[in-house]
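Counting starts at 1 for both ligands and their atoms, in listed order.
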Amino acid sequence: MQIKTRIALQFSSIVAAILVVFSLVIYFISSTYRQEEFYERLRSKALTTVRYLIDVKEISEELLRIIDKNSLTALLNEKVLIFDEQNRLIYSSVDDEVVAYPKGIINTAREQREIETVYGDLEVVAFLYEEDNRSVVVLAMAHDKFGKSKLGNLRNTLIWGLLVGLSVTIGLGIFFAGQSLRPISRINEQISTITARNLRNRLDEGNRKDEIAHLAINFNRVLQRLDQAFEQQRSFVSHASHELRTPLAALKSEIQIGLRQRHSADEYQAILENLMSDTDRLISLTNNLLFLARTLENISQMPLAAVRVEDVLFLAKEELVTAKPGYQIDIDYENLPDAETETMVRGNEELLKRVLLNLLDNACKYSADNRAKVRIRTDERLCTVTVKDNGIGISEKDQENIFQPFYRAANAVGYDGFGVGLSICQKIIELHQGVISVTSRLHHGSSFIIQIPHL
Ligand code: ADP
């Protein structure tokens, strides 16, 4: 069932229930009032008759009957009967017919002093009247034609009102539910046109205020993130193929040179060494690509433990200096940690070492003196490591992009590298709930700053 129909049905059922209850209450209250009012009229009529009969000696039965019949307030089918102590009928307002009345009502009236009941379509009141040592039972009955007809009219009005009210409610319910859900249908239509090829399309955000507009706004945000992810994926694939093509082309041309003519053993040796270095480059690039593509997917499942940052720093320094002996790295504390835990972070030693290796390597690689200065600083929340160099520096525009995979600044072209190291570093630092940032001035040097919450 469509939401529109469901809302209209629920809304109509609630209104219908309220209308029905309301109408029933009105009907029963009116019916009770009518009955009470009619019994009251009967009682006062009966009282007048019995007073005339017993208290006013001048009025005979015959005269009383004439008065009863001609009184202006006479009710339809009205009869008044009066019974003496032996339950003998001593007065009847109609003398030409035998009046039927509910059995046993005279005795009950004597016991209860007063009784109200219904007999066929007649309403009956019987009560005990005591005066001058006489105790008679007066019984009055009549048909409330006007009262019942008014009640019938009220019932018909309520039934018609209910039917019309319900139809209007159902109609309005369907109309308004349709109106309020129309923006959802519109969004639905727009969503169904979005595919991987047109992720740039955006949904109409309407008045940007109501819930449906918020749904559209949030969906547009998701689209934007998806678009960015797709774009990154596309640029990753194109950069990766480009980076792979260059060393492969170099390999091919060296092989062609080797095959073109006969060479001396030394020349072959040189060609093979070139091939070896290009293959190493290729292996290193594919390793980085594999790390980016596969390891980072499972990065959040990597085992984490308490790691001391300076220990990892010294390990990275040793590894780098062993591989590249010309590099010089100074490590220093900017402030001595207050507590042992201030340089301890919850993390993965291998991954953190990879980050520091990359930063130290870049600092030495991109500076003429091949030197990097490392500072460790701690405060009550963060452990900060700054890797500083006096190298070629990074322009402001490039600083915004160097964390993108494969991005290399123009001034880095003459240096070895693929442009993936910093993007890997950023993802690893994010895993450690930290941030990595850079400050730099072209030709003056750069500082890469890592901040990670300590234990
Ligand atoms: P790679 O160094 O292999 O090119 P990275 O991802 O480590 O890749 O760095 C991306 C780019 O950031 C580099 O190509 C370079 O332009 C710039 N860069 C990184 N570190 C430095 C640095 N210390 N000095 C100058 N430029 C740097």
Side-chain angles (χ1 to χ4, degrees), residues 232 235-247 250 277-278 280-293 295-296 299 313 316-317 319-321 323-324 326-331 350-375 384-431 434-451:
Q232 273 178 9
S235 92
F236 182 85
V237 172
S238 89
H239 278 106
S241 0
H242 179 78
E243 290 294 330
L244 283 168
R245 213 171 43 189
T246 320
S277 99
D278 282 338
D280 279 347
R281 226 177 110 77
L282 260 179
I283 291 173
S284 154
L285 174 59
T286 12
N287 281 344
N288 273 311
L289 287 181
L290 265 182
F291 188 86
L292 254 185
T295 324
L296 288 181
I299 202 165
L313 196 52
K317 171 185 169 177
E319 204 173 308
L320 187 63
V321 175
K324 299 178 180 171
Y327 285 4
Q328 212 180 322
I329 297 160
D330 308 324
I331 301 176
E350 267 312 302
L351 295 177
L352 282 176
K353 193 172 84 184
R354 198 181 174 109
V355 172
L356 292 168
L357 257 177
N358 196 80
L359 295 184
L360 295 176
D361 187 30
N362 280 354
C364 296
K365 182 169 73 179
Y366 292 113
S367 45
D369 57 1
N370 294 144
R371 279 182 83 139
K373 278 190 179 169
V374 186
R375 292 276 172 279
T384 307
V385 177
T386 309
V387 179
K388 187 173 176 316
D389 64 63
N390 298 316
I392 58 172
I394 309 163
S395 73
E396 261 182 44
K397 193 179 156 290
D398 287 331
Q399 286 174 36
E400 291 168 15
N401 299 313
I402 51 173
F403 294 99
Q404 303 284 339
F406 299 108
Y407 188 89
R408 303 200 75 209
N411 61 348
V413 170
Y415 298 83
D416 246 10
F418 314 110
V420 289
L422 283 182
S423 63
I424 293 177
C425 290
Q426 192 181 42
K427 295 208 163 77
I428 294 175
I429 295 301
E430 276 169 7
L431 167 79
V435 284
I436 179 168
S437 56
V438 61
T439 58
S440 181
R441 259 182 75 201
L442 212 52
H443 312 304
H444 284 85
S446 316
S447 290
F448 282 84
I449 303 141
I450 304 171
Q451 292 184 299

Purely on distance, is any nitrogen or oxygen of [X] under 3.5 Å from one on ligand 1?
X	answer
I394	no
F418	yes
A412	no
A409	yes
R408	yes
L422	yes
S423	no
N411	no

By the definition side chain to side chain contact (heavy atoms under 4.5 Å, CB included), identify the one residue from V355, V438, L359 that meets it with L422. L359
Just wondering, do [Y] and [X] contact through their side chains at under 4.5 Å, heavy atoms?
X	Y	answer
D389	Y366	no
F406	V420	yes
L289	L244	yes
T246	R281	no
S284	D280	no
D398	L442	no
N362	N358	yes

Out of all atoms in ligand 1, which are within 4.0 Å of some heavy atom of [X]? Include the element for each.
X	answer
V420	6 (O), 8 (O)
K365	1 (P), 2 (O), 3 (O)
I392	25 (C)
G417	3 (O)
G393	25 (C)

Mind checking whether [X] has a heavy atom under 4.0 Å from ligand 1?
X	result
G391	no
F403	no
Y415	no

Could you find the nearest protein heavy atom to [atom] and give me its residue, atom name and distance?
atom	answer
atom 10 (C) of ligand 1	Y407 O, 3.5 Å
atom 22 (C) of ligand 1	Y366 CD1, 3.6 Å
atom 12 (O) of ligand 1	I402 CG2, 3.2 Å
atom 8 (O) of ligand 1	G419 CA, 3.1 Å

Of the non-hydrogen atoms in V413 and R408, which two are nearest, and what is the gap between them? O-NH1, 4.3 Å
Heavy-atom pair of closest approach, residues I329 and K317: O-NZ, 3.1 Å
Can you tell whether the side chains of E430 and K427 come within less than 4.0 Å, N to carboxylate O? no
Which segment of D398 sits under 4.0 Å of ligand 1 when only heavy atoms are counted: neither
Where on D389 is there a heavy atom closer than 4.0 Å to ligand 1, on the side chain, on the backbone, on both, or on neither?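 Looking at D389 and ligand 1, just side chain atoms fall under 4.0 Å.
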State the CG-CD1 distance between L351 and I424, to the nearest 0.5 angstrom.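 Output value for this atom pair is 10.0 Å.
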Of K388, R375, R371, the one forming a side chain to side chain donor-acceptor pair (under 3.5 Å) with D330 is R371
Exceeds 12 heavy-atom contacts within 6.0 angstrom, atom NZ of K353: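 Counting neighbours around NZ of K353, more than 12 heavy atoms of other residues, nucleotides or ligands fall under 6.0 Å, so yes.
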Could you name the option among N362, L360, L285 that has the heavy atom nearest to atom 20 (N) of ligand 1?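 Minimum heavy-atom distance to atom 20 (N) of ligand 1 goes to N362.
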